[in-house]
*Asks:* 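Below you will find the structure I want to go over with you.
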Amino acid sequence: MAAGYLDILRARHAARLLTGTLVGRLPSGTAHIAIVLFTRAEGGSYTLAGALAAAYGLATAVGQPLLGRAVDLYGQPRVQLPAAVLSALGMALLALVGLDPLPLAYLAVVVAGVATPPLEGGLRALWPSVLKREDQVHRAYAMDAVAQEVMFTVGPLLVTVLVALWSPAAALLVINAIGVLGALSVVLSEPSRTWRSAPREAHWLGALRSPGLLALLGTFFFVGLALGSITVAGVAYADDHGRESVYGWLMAAVGLGALIGGLAYGARQWTGAPERRLRIVVGLLALGYLPLTLTPSVPVMTALAALAGVFLAPAIACSFIVVDRHAPRGTVTEAFSWLVTTFGVGAAAGTAVAGPAAELGSTAWSFAVAGAGGAAALTVLLATGKVLAAPARTPAVVAVSENDRNGAVEPGFSTGPKA
């Protein structure tokens, strides 16, 4: 298993691109925590903290596909670095000005959110040209999904350390400065500088004109809803057991499960259509959420949380392949950005629904939201099976330094004529 991942990291530029992207995404991965801590330190209420964090999240959801389309049109360096700098300046404005005047604070987080660079989609557009071989691209997608889990675990810890050593304002400034350095590392690399999108058909819908991509976005809205609801349901479960540390154990268990699942998924060379495999993986993901409604003792619940996370990273990794196959030519960065946006909006919806479910019903009801989200995701995949079975186009697989929709298909699944 480890040998396959090491082969990828030994490839020229691969380690730099992966590391730079993760570091560059640090501000967006920690923004909600940093904003809440800063608001509370400035004397703001939890309601205001939540509102500012939500404003940032919504602004990010709007900005990602727009910037993704700009990357497809104008290249990565011209978009990614200026966006990263503007986003950092927005957070710096919040840190330096504070909450008074309040409209300026909202403007700061909105600017920071809208300008968040689409580094995630940009990396996935680069993998085919960096790695060349289909099996390595497939494994890189899995490694990417695993790396996200590490980032979402280490990032919040780094914020809390910076707050403890200095202040919440300093944490905002340092995290965003680090993010700019990460984006700079990516855009100065040869693959990013030389990458060009494939020619695209002018259409105002861009990537959204693909029915298959729309089906995938609908699926991952509900996957995001399930995951978002667990973050709230976990708090309710910890309150029931009178220990705040329980929440940390549950979230760590979900992350550990995703880490194990992603590593195992990427270690194997898969054959067959990825759309069919995605249905199976999402079905298992949905099944893993259901036992959480039993809310058993803490040790058992922790084990169930780890089980619930096992199929998350494989589902995300497999979705990357499906995006490549269904995004219209020349729109893959935008398509990946739409996936990020839809997943994030779904997670926000999950947190919004799980809270009332816990207050009006019980902790089990809040975990039931996750089960319902998983079931809805599987339903969308099953209902759109015919759409997903017909990719927009099927050219021969070639590894090029451009945004070719089928530049990264999984081993054993040929989308073009045999040589």
*Asks:* Could you list the donor-acceptor pairs under 3.5 angstrom formed between side-chain atoms of residues 81-88 and any protein atom two or more places apart in sequence or on another chain?
*Replies:*
from  : atom 1 : to     : atom 2 : distance (Å)
Ser87 : OG     : Ala112 : O      : 2.7

*Asks:* So, Ser192 and Gln76: side-chain donor and acceptor under 3.5 Å apart, yes or no?
*Replies:* yes

*Asks:* Describe, in one word, how the ring planes of Phe220 and Phe343 are oriented to each other, choosing from parallel (under 30°), tilted (30 to 60°) and perpendicular (over 60°).
*Replies:* tilted

*Asks:* Would you say the side-chain atoms of Thr39 pair up with the backbone N or O of Ile35, donor to acceptor, closer than 3.5 Å?
*Replies:* yes

*Asks:* So, taking the atom named CG in Leu119 and the one named CD in Gln80, what distance separates them when rounded to the nearest 0.5 Å?
*Replies:* 4.5 Å

*Asks:* For residues 306-316, run the donor-acceptor check on the side chains, cut-off 3.5 Å, and write out each pair with its distance to 0.1 Å, sequence neighbours left out.
*Replies:*
none

*Asks:* What's the separation between atom CD1 in Ile175 and atom CG in Leu158, rounded to the nearest 0.5 Å?
*Replies:*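 Separation between the atoms: 4.0 Å.
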
*Asks:* What pairs meet the salt bridge (charged side-chain N to carboxylate O under 4.0 Å, His left out) rule with one or both residues in residues 163-192, with sequence neighbours excluded?
*Replies:*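 Salt bridge (charged side-chain N to carboxylate O under 4.0 Å, His left out) check on residues 163-192 returns Arg12-Glu190.
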
*Asks:* Tell me, do Glu120 and Phe336 make a side-chain contact under 4.5 Å, heavy atoms counted?
*Replies:*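 No, their side chains stay 4.5 Å or more apart.
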
*Asks:* Taking side chain as C-beta onward, heavy atoms only, is Val71 less than 4.5 Å from Glu334?
*Replies:* no

*Asks:* Checking the side chain of Thr342 only, and the main-chain atoms of Trp338 only, is there a donor and an acceptor separated by less than 3.5 Å?
*Replies:*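 Here the side-chain-to-backbone pair exists.
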
*Asks:* Can a donor-acceptor pair be found, under 3.5 Å and without considering hydrogens, that links the side chain of Arg193 to the backbone of Leu188?
*Replies:* yes

*Asks:* Please confirm whether the ring centroid of Trp127 lies under 6.0 Å from the ring centroid of Phe320.
*Replies:*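 Aromatic pair excluded; centres sit 6.0 Å or further apart.
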
*Asks:* Which atoms form the tightest heavy-atom contact between Ala125 and Trp195, and what is the distance?
*Replies:*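 Minimum heavy-atom separation between Ala125 and Trp195: O-NE1, 3.6 Å.
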
